[in-house]
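Remarks on the structure that follows.
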Protein chains: 2
Amino acid sequence: MPVTMRDVAERAGVSIKTVSRVVNEQGEISEATRQNVLAVIKELRYRPNLLARGLVTQRTNTIGLVIGDITNPFFSEVARGVQDVARAEGYNIFLANTDSLPDDERKVLRSLADHAVDGIIIFPNSDNEELIGELASREQPIVLVNYLLNHEHVGLVTTDLYAGSRLAVDHLAAKGHQHIGMLAGSNLVVGNNQGRRLRGFRDGLAAYGLPDNPDYVRISPGNMEGGHAAALALLAQHPQITAIYAYNDLLAMGALQACRQMGKRVPDECALIGFDDILMVSLVNPSLTSVRIDKSNLGQQAMHQLLSMIRNPDQPPAPIVLGVDLVIREST
Amino acid sequence: MPVTMRDVAERAGVSIKTVSRVVNEQGEISEATRQNVLAVIKELRYRPNLLARGLVTQRTNTIGLVIGDITNPFFSEVARGVQDVARAEGYNIFLANTDSLPDDERKVLRSLADHAVDGIIIFPNSDNEELIGELASREQPIVLVNYLLNHEHVGLVTTDLYAGSRLAVDHLAAKGHQHIGMLAGSNLVVGNNQGRRLRGFRDGLAAYGLPDNPDYVRISPGNMEGGHAAALALLAQHPQITAIYAYNDLLAMGALQACRQMGKRVPDECALIGFDDILMVSLVNPSLTSVRIDKSNLGQQAMHQLLSMIRNPDQPPAPIVLGVDLVIREST
DNA sequence: CTGAAAGCGCTAACAG
DNA sequence: CTGTTAGCGCTTTCAG
């Protein structure tokens with residue numbers, strides 16, 4: 001049985017409220033009693049029960065971070081950014097992986113709300129816009145990362161995914177590639193993540209008068225295995241393809257494996273561009289060209305946005321868009 | 001203002017306790033009222049307030065996971081393992097990075113306890129054994145990963161680090177290396193993590209009659225930059241060294257960079273062995289030999305251990321030791 | 001400057 | 001099978 005505020009109060013010979021005051025550094029208290037209470041707190045090793053406090057204040061100093069998979073370096077870098085500012089501001093974070101499964105996402109969101117988190121940062125899938133809107137309307141501060149949703153009370157921090165795709169196609173076109181494939185994600189709904197990436201890709205092709213064959217675009221899970229399998233199939237069915245643009249670096253890594261396996265030399269026979277610029281792609285051979293995102297900053301901005309929503313509930317959040325640039329390496 | 005149990009009770013025309021019963025699926029209730037209450041819950045979209053529940057039950061269904069840096073693939077793989085079983089068992093996890101700073105570690109531990117987590121999994125540094133012991137004695141279930149501490153109420157899940165070092169030295173000795181350096185961590189206290197690794201290394205050297213020069217062992221932070229700098233210095237000062245054993249793969253990657261920079265060919269002029277076997281080391285060129293750990297399993301075991309401590313507070317936990325093996329690649 | 005009382009939302013006896 | 005009464009540990013009126 002841990003020591004409670006009442007224990008401190010009794011030992012110090014003051015009321016429980018007085019203890020509360022010194023703990024929360026609020027109200028005016030004579031320095032004498034303050035010191036006295038402080039001493040007792042130390043002596044008894046009193047620690048406030050945050051559940052109890054949260055129950056009354058409706059603030060827990062916790063936030064939820066909902067991502068696809070912490071094992072993906074992109075997410076872990078972002079998570080680090082979130083964590084760093086959270087820590088600095090006195091927040092603890094609940095971390096949850098969803099593997100991009102809408103159903104898990106839904107459960108996690110509910111669970112976090114049940115735990116009375118002060119806010120949520122999420123990399124959403126489509127299929128849950130309704131729930132997200134509902135949470136937002138219920139005063140649950142929530143910021144979406146890399147996903148656009150039109151809702152007054154939803155925070156938005158995103159990367160310029162469209163521009164990233166354009167940069168990639170510009171580069172490939174300049175290198176003279178005619179048939180360019182793309183490895184896309186499973187959620188192609190317009191308005192979100194993949195939508196903007198795919199749109200940028202298509203617009204880029206159009207800008208250079210390159211063939212926009214729907215079969216050149218493959219949907220795959222966002223990990224290496226997915227990229228490997230998808231690239232294998234794509235290159236086998238369309239040998240004329242000489243360049244592949246992947247929506248994240250893990251996919252590009254998988255495509256690299258596929259090329260090796262098929263005996264295609266990179267970049268001579270097949271050029272490769274990834275997205276995110278995770279550390280790994282700069283270390284492999286050949287190193288991979290990638291659209292760079294400042295991942296830590298993405299996380300930091302998301303957390304800052306969330307904090308401002310928490311502290312100013314009435315002020316509608318201003319969307320933030322972060323730029324990208326292309327890091328050219330050996331794979332192109 | 002969210003809907004409460006009282007609201008449901010009134011709307012359903014039953015007592016608040018009855019609602020509590022159906023929510024918690026406890027006690028016998030007539031199917032009729034049960035269905036009725038269920039309907040009202042659905043209608044009102046009632047969700048239980050977990051803070052309130054936790055305040056009375058002393059159980060929050062949350063645990064804390066305290067690691068060095070989620071950005072290190074080793075930790076993110078482990079975290080994934082922890083998360084997977086946590087999710088399956090209905091637990092949410094607080095994630096906290098400490099960058100191996102004892103002071104941050106201390107704060108984080110306190111903070112987690114304040115949030116009334118049901119248990120804690122931590123990759124500890126030395127310097128906090130006292131606090132850990134104190135928490136454990138206060139009935140706070142806690143399991144240490146890759147760290148040995150003799151305390152009846154502390155759970156222990158560890159990798160056989162000593163054996164890992166022995167495997168590494170065996171392999172290097174068999175390859176004919178005479179002068180072997182080691183990149184070690186900053187916490188060399190006997191009994192823990194580094195202690196066992198270093199001991200295995202030294203015992204290995206002794207077993208083969210190889211020189212055990214204290215200056216061959218360098219302390220460095222556990223990231224690539226650290227490994228880079230340490231290897232650079234080590235190789236410059238002791239050109240006779242032809243092999244380096246690093247306590248984690250990130251360090252080994254840094255050492256690889258150092259070799260490239262110095263024009264030393266790997267493995268011909270300098271062999272490299274890492275630890276953890278993160279994905280990255282299999283993808284670089286040359287690929288790195290590494291002591292393999294089943295990282296996900298490590299996390300899963302830790303979570304299982306913690307759960308059993310939570311559910312059987314009186315039963316002292318049985319330490320778990322996981323085996324390692326050597327994955328030989330191009331760097332040796 | 002300090003205290004008494006009420007209540008956050010829930011579960012736990014103990015009755016009925 | 002169901003309801004009443006406390007009380008978890010804390011903060012918040014509102015008095016003193």
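Keep in mind that this is a model prediction, so the values were computed, not measured. Numbers restart at 1 for each chain; the letters A, B, ... are given by sequence-line order, proteins then strands.
- One interatomic measurement links the two molecules: CD1 of Ile41(B) to P of dC10(C), which rounds to 10 Å at whole-angstrom precision.
- Going from atom CG of Asp114(A) over to atom P of dG9(C) covers 14 Å, rounded to whole Å.
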Trace of the side chain to side chain donor-acceptor pair (under 3.5 Å) decision for Tyr91(A) with Gln83(A)
CA-CA 8 Å; Tyr91(A) 280 79; Gln83(A) 172 92 238; over 6 Å; no

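- Not a single side chain to side chain donor-acceptor pair (under 3.5 Å) links Glu77(A) to another residue, sequence neighbours left out.
- For the pair His115(A) NE2 and dG9(C) P, the interatomic distance rounds to 17 Å; values are reported in whole Å.
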Extract all donor-acceptor atom pairs below 3.5 Å that involve side chains of residues 101-108 of chain A and protein atoms in other chains or at least two apart in sequence.
{"from": "Asp103(A)", "atom 1": "OD1", "to": "Arg106(A)", "atom 2": "NH2", "distance (Å)": "3.0"}
{"from": "Asp104(A)", "atom 1": "OD2", "to": "Arg87(B)", "atom 2": "NH1", "distance (Å)": "3.4"}
{"from": "Glu105(A)", "atom 1": "OE1", "to": "Asn125(A)", "atom 2": "N", "distance (Å)": "3.1"}
{"from": "Glu105(A)", "atom 1": "OE1", "to": "Asn125(A)", "atom 2": "ND2", "distance (Å)": "2.6"}
{"from": "Glu105(A)", "atom 1": "OE2", "to": "Asn125(A)", "atom 2": "N", "distance (Å)": "3.4"}
{"from": "Glu105(A)", "atom 1": "OE2", "to": "Asn128(A)", "atom 2": "ND2", "distance (Å)": "3.1"}
{"from": "Arg106(A)", "atom 1": "NH1", "to": "Asn128(A)", "atom 2": "OD1", "distance (Å)": "2.6"}

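- For Arg80(B), the salt bridge (Lys or Arg N to Asp or Glu O under 4.0 Å) criterion is met by Asp69(A), Asp99(A), Asp84(B), not counting sequence neighbours.
- Glu89(A) is linked by a salt bridge (Lys or Arg N to Asp or Glu O under 4.0 Å) to Arg311(A), counting only residues two or more places apart in sequence or in another chain.
- Distances were taken from every side-chain heavy atom of Asn49(A) (C-beta onward) to each of dG3(C), dC10(D), dC10(C); the shortest belongs to dC10(D).
- OP1 or OP2 of dG3(C) has at least one side-chain nitrogen or oxygen of Thr18(A) nearer than 4.0 Å.
- Between the P atom of dG9(C) and the CG atom of Asp7(B) lies a distance of 8 Å, rounded to the nearest Å.
- Direction of the helix axis in the helix from dC1(C)-dG16(D) to dG16(C)-dC1(D) shifts by 30° between the two five-pair termini, rounded to 10°.
- For Asn223(B), the side-chain contact (heavy atoms from CB on, under 4.5 Å) criterion is met by Pro221(B), Glu225(B), not counting sequence neighbours.
- The CZ atom of Arg6(A) sits 14 Å away from the P atom of dG3(C) (whole-angstrom rounding).
- To the nearest angstrom, P of dG7(C) lies 16 Å from CD of Gln58(A).
- Of the possible polar contacts, one joining the Asn49(A) side chain to the Ala52(A) backbone as a donor-acceptor pair under 3.5 Å is found.
- Between the CG atom of Leu51(A) and the P atom of dG9(C) there is a distance of 15 Å, rounded to whole Å.
- The salt bridge (Lys or Arg N to Asp or Glu O under 4.0 Å) pairs that include a residue from residues 112-124 of chain A are Arg59(A)-Asp118(A), Asp114(A)-Arg47(B), where partners are two or more places apart or lie in different chains.
- The ring-ring contact (aromatic ring centres under 6.0 Å, His included) search around Phe94(A) returns His115(A), Phe94(B), not counting sequence neighbours.
- For the pair Leu55(B) CG and dG9(D) P, the interatomic distance rounds to 7 Å; values are reported in whole Å.
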Indicate for each nucleotide in nucleotides 11-16 of chain C, in 5' to 3' sequence, whether protein heavy atoms under 4.0 Å reach the base (B), only the sugar-phosphate (S), or nothing (-).
SB----

